[in-house]
Amino acid sequence: MMGWGRGRSLRHSRLQLVLAVAAIATAVALPVVLVSVGGGVSAHELANLQNAGYQIVVSAAGLHGITHSHNYTDQILSIPGVTAASPVLSVTIDAFTHSGGTPVLAEGVIPDQFYPTLGPTESGLFPSPLPLGDPTDDVHFAHGTYSGSATYDVLVSTPYAAAHSVSVGQQLVLSPVANRSLGTTYNVTGTFGVPPTVLGPTGAFAVLVPLSDLQAMTGYAGGSAVAPDAVDTIEVAATGSIATNPSALNDLRNEVQALFPYYGVSSLTQEAQQLQSASGVLTGFYLALSSVGLSVGLLFLALVLLRRVEADRRSIGIRRALGISGRSIAGEIVWNGATLALMGAAAGVIGGYLIVEALAAWTSSAVQEAAQLAVFDPVILGELVAGVVGLSLLAGAVATRTALRMPISEALR
């Protein structure tokens, strides 16, 4: 029935078949791109949660919304089962070398609390112990007065160190604004690894300093500061027996929440469950969105099969007059439809893969980062192909009904 052969008389038939395959391929490529990229990003975020060195996060609305973080950290550490509580302040500042200034992402931490909250992958990127002077950050903090002596030590990321020829033992001027004269000279005491593609240039160009130093530099210290002793989050690590027990971890989360009723307190177990649920919803949304294109593709396939039945009307009538069963004719029509659907679905999977690879290579940095995380799950892709082929049976059934309802006498005219 399908006319793939050579000859000018079959040119129109070949064009119809090619367009049917192209329509289905286009419809399949969309869900391949959406599901693979969306699923890859979700899987990446889920892996980060599962491999984190902390289990509970205290957060607040707004920019640097947690105040009095040093005192809150001490209160959290007094809870049984807590092994570390790491307040983190993240602010974009400018770092100056002899060649000029560059925006960098600065993170202020308490050294002896920050390292225990790193996951197994991240901990290998940082020196241990962190060479940032006072491990507890208590000397400079001085009970909230910030009158103690500061160490002015800084760790720089390896991408920034390589790009600006910075090495351990040199000095670096850090300023809250793009003005070197308002900056403070810091001693580079170490480096830490950051993949350049994680957060883009600003994230890859990063520095790590004591929390009180960054607070004083950026105006989030004590005294008249609008947000005194401010941080963005406090990451809490628990003992192994609690970290692996969802019930015990939930009880610990409730204890931390009781200390800070006006802040958000969540466990990574909750976040992982929410992420998994959201990923499932998004996958369903992607497939529902793609169903419109698939419907159009399958409708076009049905029209092509009907057109082929009309073109082969006399051939079908002769075969029926010779006694060939309707089941045999129906099987051929359905088989042809399934073959076209399979070819289109396979082309759509390949096309979707090539689109994702193109996005990962030639688009903006944010799109590249998401595309590089794409996961092409063979199970999901196989189910998608099987679903398209299965739905093509409906198109074949429509064409079969038309072919078998046609009177033999009329077909032979």
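Basis for what follows: all heavy atoms, side chains included, without hydrogens, waters or symmetry-related copies.
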Quick one: ring-ring contact (aromatic ring centres under 6.0 Å, His included) pairs with a partner in residues 363-399, sequence neighbours left out? Tyr353-Phe376
Enumerate donor-acceptor pairs with a distance under 3.5 Å from any side-chain N or O in residues 382-396 to protein atoms, sequence neighbours excluded.
{"unit_1": "Ser392", "atom_1": "OG", "unit_2": "Val389", "atom_2": "O", "d": "2.4"}

Got Leu19 and Val304 here, is their nearest side-chain heavy-atom distance under 4.5 Å? no
Compare all side-chain heavy atoms of Pro103 with those of Asp94 and state whether any distance is below 4.5 angstrom. yes
Nearest heavy-atom pair of Leu130 and Phe114: which atoms, and what distance? CD1-CD2, 3.6 Å
Do the side chain of Thr218 and the main chain of Pro176 share a donor and acceptor less than 3.5 angstrom apart? no
Sole residue of Leu174, Thr184, Val209, Leu182 in side chain to side chain contact (heavy atoms under 4.5 Å, CB included) with Met217: Leu174
Just say parallel, tilted or perpendicular for the rings of Phe141 and His70, cut-offs at 30° and 60°. parallel
Side chain to side chain contact (heavy atoms under 4.5 Å, CB included) partner of Ser69, chosen from Asp232, Asp229, Leu89: Asp229
Where the side chain of Asn187 meets the backbone of Thr189, is there a donor-acceptor pair that is under 3.5 Å apart? no
Below 4.5 Å, heavy atoms only, C-beta onward: do Leu381 and Val32 meet side chain to side chain? yes
Side chains of Phe126 and Leu208: does their closest heavy-atom pair fall under 4.5 Å? yes
When rounded to the nearest 0.5 angstrom, what distance separates OG in Ser36 from CG in Leu34? 8.0 Å
Applying side chain to side chain donor-acceptor pair (under 3.5 Å), can you list everything that pairs with Ser128, at least two apart in sequence or on another chain? none
d(Asp134 CG, Asp153 CG) to nearest 0.5 Å is 10.5 Å
Return the OH to CG distance between Tyr72 and Leu77, rounded to the nearest 0.5 Å. 15.0 Å
Inter-residue atom distance Tyr160.OH - Leu172.CG, 0.5 Å rounding: 4.5 Å
Side-chain contact, heavy-atom cut-off 4.5 Å: Ser295 with Leu299? no
Could you check whether any side-chain heavy atom of Val88 comes within less than 4.5 Å of a side-chain heavy atom of Val231, counting everything from C-beta outward? no
N/O donor-acceptor pairs under 3.5 Å from side chains in residues 105-113, not counting sequence neighbours:
{"unit_1": "Glu107", "atom_1": "OE2", "unit_2": "Ser90", "atom_2": "OG", "d": "3.2"}
{"unit_1": "Gln113", "atom_1": "OE1", "unit_2": "Ala85", "atom_2": "N", "d": "2.8"}

Hey, mind stepping through Ser247 and Asp251 against side-chain contact (heavy atoms from CB on, under 4.5 Å) and telling me if it holds? CA-CA 6 Å; Ser247 177; Asp251 291 339; 4.3 Å; yes
Between the CD1 atom in Ile24 and the CG atom in Leu342, the distance rounded to the nearest 0.5 Å is 10.0 Å
Taken in chain and number order and not counting sequence neighbours, the residues that satisfy side chain to side chain donor-acceptor pair (under 3.5 Å) with His140 are Ser212, Asp213
For Val166 and Gln170 the tightest heavy-atom approach is CA-OE1, 3.4 Å
Side chain to side chain, Tyr263 and Thr67, heavy atoms closer than 4.5 Å: yes
Please name the pair of heavy atoms, one in Ala142 and one in Ser147, separated by the smallest distance, quoted to 0.1 Å. CB-OG, 3.8 Å
Specify the closest pair of heavy atoms between Ala20 and Leu301, including all atoms of both residues, with the distance to one decimal. CB-CD1, 4.4 Å
For residues 74-105, which residue pairs qualify under ring-ring contact (aromatic ring centres under 6.0 Å, His included), counting only residues two or more places apart or in two chains? none
Below 4.5 Å, heavy atoms only, C-beta onward: do Ile93 and Val104 meet side chain to side chain? yes
Please lay out, stage by stage, how Val188 and Ser167 fare under the test side-chain contact (heavy atoms from CB on, under 4.5 Å). CA-CA 7 Å; Val188 179; Ser167 59; over 6 Å; no
Would you say the side-chain atoms of Arg180 pair up with the backbone N or O of Gly100, donor to acceptor, closer than 3.5 Å? no
Which heavy atom of Gly337 sits nearest to which heavy atom of Leu305, and what is that distance? CA-CD1, 3.9 Å
Can you tell me how far the CD1 atom of Ile79 sits from the CD atom of Glu255, to the nearest 0.5 Å? 5.5 Å
Heavy-atom pair with the smallest gap, counting every atom of Pro80 and Leu252: O-CD1, 4.1 Å
